[in-house]
Amino acid sequence: MKITNAEFIKSAFNETHWTTDGLPEIAFLGRSNVGKSSLLNSLLQRKGLARTSNTPGRTQSINFFLINESFYFTDLPGYGYAKVSKTMRHDWGVMAREYLAERGDLVLSIQLVDSRHAPTELDKQLHEWLFHHGKYHFVVATKTDKLSNNKLKISLQEIEKSLPGSKVIAYSSLTGKGRDEVWREIGNSLEKR
Ligand SMILES: Nc1nc2c(ncn2[C@@H]2O[C@H](COP(=O)(O)OP(=O)(O)OP(=O)(O)O)[C@@H](O)[C@H]2O)c(=O)[nH]1
Ligand SMILES: [Mg+2]
């Protein structure tokens, strides 16, 4: 897909802030620090459009980015960061569940997991939730540039076993590995609408 325009539209802290123009939406979901904002920037080849950070918990709202004036990317806050308060963790659950369950414009959920680690309990829970609710989704294994080919192969098998039934795409925001494949899937989901 040729990206002619990509712009940050708004940060939403609850349902009343969601966009209302009915354009299709693609959500980026995963653990804190897994590389959601980096994946979004890498797909769009726009450095710094979504803010990235070494500090987990950087993204704390649902951030809407309008692409080619025809669909949105939504960058969700990460889950599973131990150091945030209980209230914040609770808020994450409420905000994400509300969004995932009720958002009619959501055509695709991209679930990110770190290619270097086995999926966590929360990763598995989110995956089951997406499956159970019949959400069109696939999995992106991030930071693959940090693994040797051999280790990556083993790791991908592990991820496929832990998150059964979903397509898994190996990605690196550093090198752009996997970019074409992810765009193909995004294109398919937009066409289906
Ligand atoms: N080597 C490498 N580093 C990456 C990759 N993707 C992300 N990172 C790094 O991982 C850290 C976290 O990336 P973010 O994109 O901010 O992660 P996030 O999932 O948006 O984090 P939260 O917003 O806190 O939930 C940053 O330091 C990134 O530079 C990748 O593919 N390769
Ligand atoms: Mg982020």
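Everything numeric here is computed off the predicted structure, so don't read it as measured data. Order of appearance sets the numbers: ligands from 1, and atoms from 1 within every ligand.
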Looking only at atom types and distance, does a side-chain atom of Asn68 sit under 3.5 Å from a main-chain N or O of Ser70, one as donor and one as acceptor? no

Kindly compute the distance separating OG (Ser61) from NE2 (His17), expressed to the nearest 0.5 Å. 10.0 Å

Report, in ascending order of atom number, the atoms of ligand 1 lying under 4.0 Å from any heavy atom of Val34. 19 (O)

Atom indices of ligand 1 within 4.0 angstrom of Gly78 heavy atoms, with elements: 25 (O)

Distance under 4.0 Å to a non-hydrogen atom of Ser172: what atoms of ligand 1 satisfy this? 31 (O)

Might you point out which heavy atoms bring Ala141 and Leu156 nearest each other, and give the distance in Å? CB-CD2, 3.8 Å

N/O to N/O below 3.5 Å, does that happen between Tyr171 and ligand 1? no

For ligand 1, is any non-hydrogen atom under 4.0 Å from Asp145's backbone (N, CA, C, O), its side chain (CB onward), both, or neither? side chain

Any link between Ile62 and Leu44 through a network of hydrophobic side chains (Ile, Leu, Val, Met, Phe, Trp, Tyr) touching at under 4.5 Å? no

Using heavy-atom distances, let me know which of Ser37, Ser38, Ser42 sits nearest atom 13 (O) of ligand 1. Ser38

Quick check: Pro77 and ligand 1, any N/O pair under 3.5 Å apart? no

Below 3.5 Å, N or O to N or O, backbone or side chain included: is there any such pair between Asp75 and ligand 1? no

Per-atom contacts of ligand 1 with Gly35, taking only distances under 4.0 Å to non-hydrogen atoms: 7 (C), 13 (O), 14 (P), 15 (O), 17 (O), 18 (P), 19 (O)

Can you name the one residue among Thr142, Leu29, Val139 that meets side-chain contact (heavy atoms from CB on, under 4.5 Å) with Leu112? Thr142

Let me check your reading of the structure: within less than 2.8 Å of the Mg ion (ligand 2), is there an N/O/S atom from Ser37? yes

Please report whether ligand 1 has a polar contact with Lys143, defined as an N or O pair separated by less than 3.5 Å (distance criterion only). yes

Would you check the N or O atoms of Thr52, main chain and side chain alike, for any that come under 3.5 Å of an N or O of ligand 1? no

Counting the benzene-type ring for Trp, do Phe64 and Trp18 have ring centres under 6.0 Å apart? no

Tell me whether Thr142 reaches ligand 1 (any heavy atom closer than 4.0 angstrom to a ligand atom). no

Hey, is Gly30 one of the residues with a heavy atom under 4.0 angstrom from ligand 1? no

Option among Val107, Ile186, Leu108 that satisfies the side-chain contact (heavy atoms from CB on, under 4.5 Å) test with Pro24: Val107

Search all heavy atoms of Thr144 against all heavy atoms of Ala170 and return the closest pair with its distance. CG2-CB, 3.9 Å

Carboxylate-amine/guanidinium proximity below 4.0 Å for Glu181 and Lys167: yes

Quick check for you: to the nearest 0.5 Å, what is the distance between Phe71 atom CZ and Met1 atom CE? 4.5 Å

Report, in ascending order of atom number, the atoms of ligand 1 lying under 4.0 Å from any heavy atom of Lys36. 15 (O), 17 (O), 18 (P), 19 (O), 20 (O), 21 (O), 22 (P), 25 (O)

